[in-house]
Student: 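For reference, the structure I am asking about is given below.
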Amino acid sequence: MDISRLEKISDFEWRIAPRQGMQVPGILYADEALIRGMDDKVYEQICNVAKLPGIVTASYAMPDAHWGYGFPIGGVAAFDADRGGVVSAGGVGFDISCGVRTLHTGLSAETIRGCASTLADALYQAIPAGVGSTGALRLGSAEMDAMLLGGAQWAVDRGYGEAEDLAHIEEAGRIPGAQPDCVSRQAKERQRDEVGTLGSGNHYLEVQEVAEIYYPEAAERFGLRQGAAVVTIHCGSRGLGHQIGTEFLKEMVAGAAGFGLTLPDRELACAPIHSPLGQRYLGAMRAAMNCALANRQVLTHLTRQAFAGVLPEARLTLLYDVSHNTCKVEEHTVGGQKKRLYVHRKGATRAFGPGHPELPEAFRAIGQPVLIGGSMGTSSYILVGTERGAAAAFASACHGAGRAMSRHQATRQWHGRELIDQLARQGILVRSPSLRGIAEEAPGAYKDVSAVVDAADRAGLARKVARLAPLICIKG
DNA sequence: ATGTGC
């Protein structure tokens, strides 16, 4: 991206002044090196989003922003329903409610190293992974609807996990307003045997070591101690979310003219929040959010079972679960006034600051855990929402490293087998059904997650708490 | 991301 087109606010905040139909400015949080590495398309997409009806304050991009469908991945935009605001399927993304959950294990990384290979095999056997992977559950139509309404609460009610898990999930594990009736038969069909599966692409389950602590007070509140082992699960709503995204995108493209919307880019297809199509999308999307929460909850149960077979002394408790592909109704202050807004976060993590009423009691005084997944073989980070961040980008932060290279390019540059051997020499055990998938996910195909996280920290979006280093990686 | 796709 040509940095001369941006107005510098600070070393980590850059502004695009409104022009050519932009209702609000664009704001990009990143350092110079990250901005120079971004595609010009990201600039274009930030500007295009700023042209959508009802957008408030600014069209934001996080430090890991890259070119996406319509909206940039790493984009945040909020809309006021009463001022013609829209909801956009492309503003949420295909993998609805893709997100990250991190669990304590009650064990040290040293203990894990003592049986890493056995544990890796046990996890790989317990966790269905890969394209089209299926799980042990088969949902009939009534159970499907119950899952889509109940999210992680549905899973816990059926014995997958513990009641205490729920308090440590966004919205207590169940997104209200889901409408299974708005989810197509085909979407449900695709999901029938995919609950409790990891999927493919950048999804993973990792056992990690707490390698570094930056903010001891927050780490203490989060129960993170240096040298401890944690488990992180990164996945989403599988075939169901993808099908919903695909169908509504098409419907929104077809419906745009009927709503009198002239879109700067066909891919920005959207519908007024106060329209039957907008409402149907929200109902279906919320059902997909519950699907993702149920999925991560069942995977947690399978993880506990795998640990129990190898390390019976393990006690897996949930630190937090937060999504990074969502549209959520939240209260934010705009021009000194409190407003209920439809906040799209596409590849951006919610990062509520201290005192937010929606946070579980354990974190209310310190702020929300912000879980940032790295690429395979590299570090992940835990940050905490801050007061300053709550006033910027509607309380959002980055979500990961962000791709630096296409999947195709990566497969030409790396070989799965060599990467697995190389990582094993670094003490990182990778298990995956797909060598091609491994090559596509080569660490070198991603941006430096540390630079991304530093930029988010320095921009004040969230504050660094701890770095997690991978020990075992189950890759889809 | 995805029953990966012109």
Side-chain angles (χ1 to χ4, degrees), chain A residues 45 64-75 88-101 128-135 137-139 144 183-205 233-250 267 269 281 284-285 287-289 291-293 295-296 299 323-327 344-349 373-376 399-412 416 432-442 445-446 474-476:
Chain A
Q45 293 192 321
D64 51 341
H66 55 289
W67 182 19
Y69 185 95
F71 286 58
I73 296 160
S88 170
V92 172
F94 283 99
D95 191 5
I96 296 167
S97 207
C98 182
V100 178
R101 92 168 24 192
V131 178
S133 51
T134 55
L137 284 81
R138 298 283 175 276
L139 302 190
M144 176 63 66
V183 177
S184 72
R185 221 175 61 188
Q186 196 184 353
K188 292 176 183 174
E189 181 65 30
R190 281 182 69 171
Q191 193 59 32
R192 196 170 51 166
D193 48 11
E194 283 192 347
V195 173
T197 66
L198 200 53
S200 64
N202 67 353
H203 291 165
Y204 60 78
L205 181 149
I233 299 169
H234 176 209
C235 68
S237 52
R238 306 286 287 111
L240 180 130
H242 189 269
Q243 187 65 30
I244 290 170
T246 306
E247 289 168 5
F248 277 94
L249 265 168
K250 216 168 131 187
E267 293 188 357
Y281 175 69
M285 182 208 56
M289 291 175 77
C291 175
L293 295 179
N295 195 28
R296 293 198 286 274
L299 286 168
S323 300
H324 49 233
N325 280 1
T326 59
C327 174
H344 294 64
R345 294 189 183 88
K346 180 186 188 181
T349 310
S375 52
M376 181 181 59
H399 84 305
R403 285 201 85 86
M405 186 186 292
S406 74
R407 294 186 173 278
H408 185 71
Q409 213 175 335
T411 54
R412 293 200 314 215
S432 172
S434 166
L435 287 175
R436 176 173 158 189
I438 295 292
E440 289 179 350
E441 292 294 316
Y446 279 82
I474 310 300
K475 191 83 183 155

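Per chain, numbering begins at 1; letters A, B, ... match sequence-line order. Quick note: numbers below take in every heavy atom, side chains included, and nothing from hydrogens, waters or symmetry partners.
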Student: Rounding to an integer number of Å, can you tell me how far E189(A) CD sits from dT2(B) P?
Tutor: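 Rounding to the nearest Å, CD of E189(A) and P of dT2(B) are 18 Å apart.
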Student: Which residues satisfy the salt bridge (Lys or Arg N to Asp or Glu O under 4.0 Å) test with R436(A), sequence neighbours excluded?
Tutor: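 With neighbours one apart ignored, the set is E440(A).
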Student: Take atom CZ of F94(A) and atom P of dT2(B), then tell me their distance rounded to the nearest Å.
Tutor: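 So the CZ-P distance, F94(A) to dT2(B), works out to 12 Å.
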Student: Show your reasoning for whether salt bridge (Lys or Arg N to Asp or Glu O under 4.0 Å) applies to E247(A) and K250(A).
Tutor: CA-CA 5 Å; E247(A) 289 168 5; K250(A) 216 168 131 187; over 6 Å; no
Student: Could you state the atom-to-atom distance from OH of Y69(A) to P of dT2(B) in whole Å?
Tutor: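 Atom-to-atom, Y69(A) to dT2(B), this comes out as 18 Å.
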Student: Categorize T246(A) for me: base, sugar-phosphate, or nothing, with a 4.0 angstrom heavy-atom threshold over every strand shown.
Tutor: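 No contact.
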Student: Distance only, no hydrogens: is a donor on one side chain within 3.5 Å (strictly under) of an acceptor on the other, for S323(A) and R296(A)?
Tutor: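 Present: a donor and an acceptor within the cut-off.
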Student: With a 4.0 Å cut-off on heavy atoms, is G239(A) in touch with a base, just the backbone sugar-phosphate, or nothing at all?
Tutor: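 It contacts sugar-phosphate atoms only.
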Student: Whole angstroms only, please: what is the CD-P distance between E247(A) and dT2(B)?
Tutor: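 Going from CD in E247(A) over to P in dT2(B) covers 16 Å.
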Student: Measure CG/D193(A) against C1'/dT2(B) and give the value in whole Å, please.
Tutor: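 Spelled out: CG on D193(A) to C1' on dT2(B) is 15 Å.
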Student: Would you indicate what G241(A) reaches in the nucleic acid, counting non-hydrogen atoms under 4.0 angstrom: base, sugar-phosphate, or nothing?
Tutor: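 Touches nothing.
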Student: Which part of the nucleic acid, if any, lies within contact of Q186(A), taking any heavy atom under 4.0 Å across all strands shown: a base, the sugar-phosphate backbone alone, or nothing?
Tutor: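 Contact class for Q186(A): base.
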Student: Nearest-Å distance, CD1 (I96(A)) to P (dT2(B))?
Tutor: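 I96(A) atom CD1 is separated from dT2(B) atom P by 12 Å.
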Student: Nearest whole Å is fine: how far is dT2(B) P from H203(A) NE2?
Tutor: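 Interatomic distance, NE2 of H203(A) to P of dT2(B): 5 Å.
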Student: Rounded to whole angstrom units, what separation is found between the CD atom of E440(A) and the C1' atom of dG5(B)?
Tutor: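 These atoms are roughly 13 Å apart.
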Student: List for me each residue that meets ring-ring contact (aromatic ring centres under 6.0 Å, His included) alongside H399(A), sequence neighbours excluded, and say none if there are none.
Tutor: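 With sequence neighbours excluded, H399(A) shows a ring-ring contact (aromatic ring centres under 6.0 Å, His included) to H324(A), given in chain and number order.
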